[in-house]
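We count ligands from 1, going down the list as the structure has it; atoms in each ligand are counted the same way.
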Amino acid sequence: MTSILEIKDLVKRYDGGFEALKGVSLNIEAGEILALLGPNGAGKTTLISTVCGITTATSGSVSVDGNDINDNFRAARTIIGLVPQEVNLEPFETVLNTVTFSRGLFGKRRDPAYIEKILRQLSLWDKKDNAIRTLSGGMKRRVLIAKALSHEPKVLFLDEPTAGVDVELRKDMWDIVADLKASGVTIILTTHYIEEAEAIADRVGVINQGELLLIEEKTALMKRLGQKQLNVELQ
Ligand code: ATP
């Protein structure tokens, strides 16, 4: 397998000197699902924001499909899709316009057939003319995913996609992630939930206090640590 994402010695020091990432290195293979597990404040969002070029790294490097995130930001950014933790959607815009407009922002040519495909894949096609503000929380999360996929990224980051959602919606999200993997997208998601990593990831990384403590194949990790012990580590 080929590494689609290479992260080397990534350090992020915020203004004031707090070091949120203390030299994180990892490679992600094309087509895999990596779950990054960690408690509040571990550095998960910082890692995603830095890798996506939204936050500038203090040092270290990120290469996306061979494109350095600093030297070749536009190319790297086009390969990445980001589903943020917060629902940052325009409430009066329709679902279809939201996703179509997002594609345009990446300078991609209009492709109504592709937009229809992702809206159908996310069970949003029937809601395409609905204003965002009329949708349920679960549907809004689907729109966030559709928006992130609008420019056909190869790598999708999902920052705590199931934080604060009920069990049913969490399982829906797991199905969506599995479906996206089947369509060839590489996925990196962050989570607090060991059962989520167990349900959907190929590999699991544990991050705490800005350090990647371990990264392993899911099955090996589960066997070695056992669910109970890992839960304790994460508290
Ligand atoms: P959560 O699960 O609660 O979302 P997280 O693992 O995503 O947490 P981050 O949001 O990356 O953690 O935060 C890591 C650390 O960096 C925390 O201690 C946080 O307070 C700090 N931090 C985040 N953003 C900033 C900022 N802009 N300035 C200073 N410190 C920050």
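For the residue pair Y193 and R170, a side-chain donor N or O sits within less than 3.5 Å of a side-chain acceptor on the partner.
Each ring pair (Phe, Tyr, Trp, His ring centres under 6.0 Å) pair with one or both residues in residues 70-104, not counting sequence neighbours, would appear here, but there are none.
Residues forming a salt bridge (Lys or Arg N to Asp or Glu O under 4.0 Å) with D68 (at least two apart in sequence, or on another chain): none. Scored by the side-chain hydrogen bond (donor to acceptor under 3.5 Å, both in side chains) test, S123 finds no partners at all (sequence neighbours excluded).
When heavy-atom distances to ligand 1 are checked against 4.0 Å, the residues falling inside are Y14, F18, A20, P39, N40, G41, A42, G43, K44, T45, T46, Q85, E160, H192, ordered by chain and number.
Note that CD1 of I69 is 10.0 Å distant from OG1 of T50, once rounded to the nearest 0.5 Å. Taken to the nearest 0.5 Å, the CG atom of L34 stands 10.5 Å off from the CD1 atom of I200.
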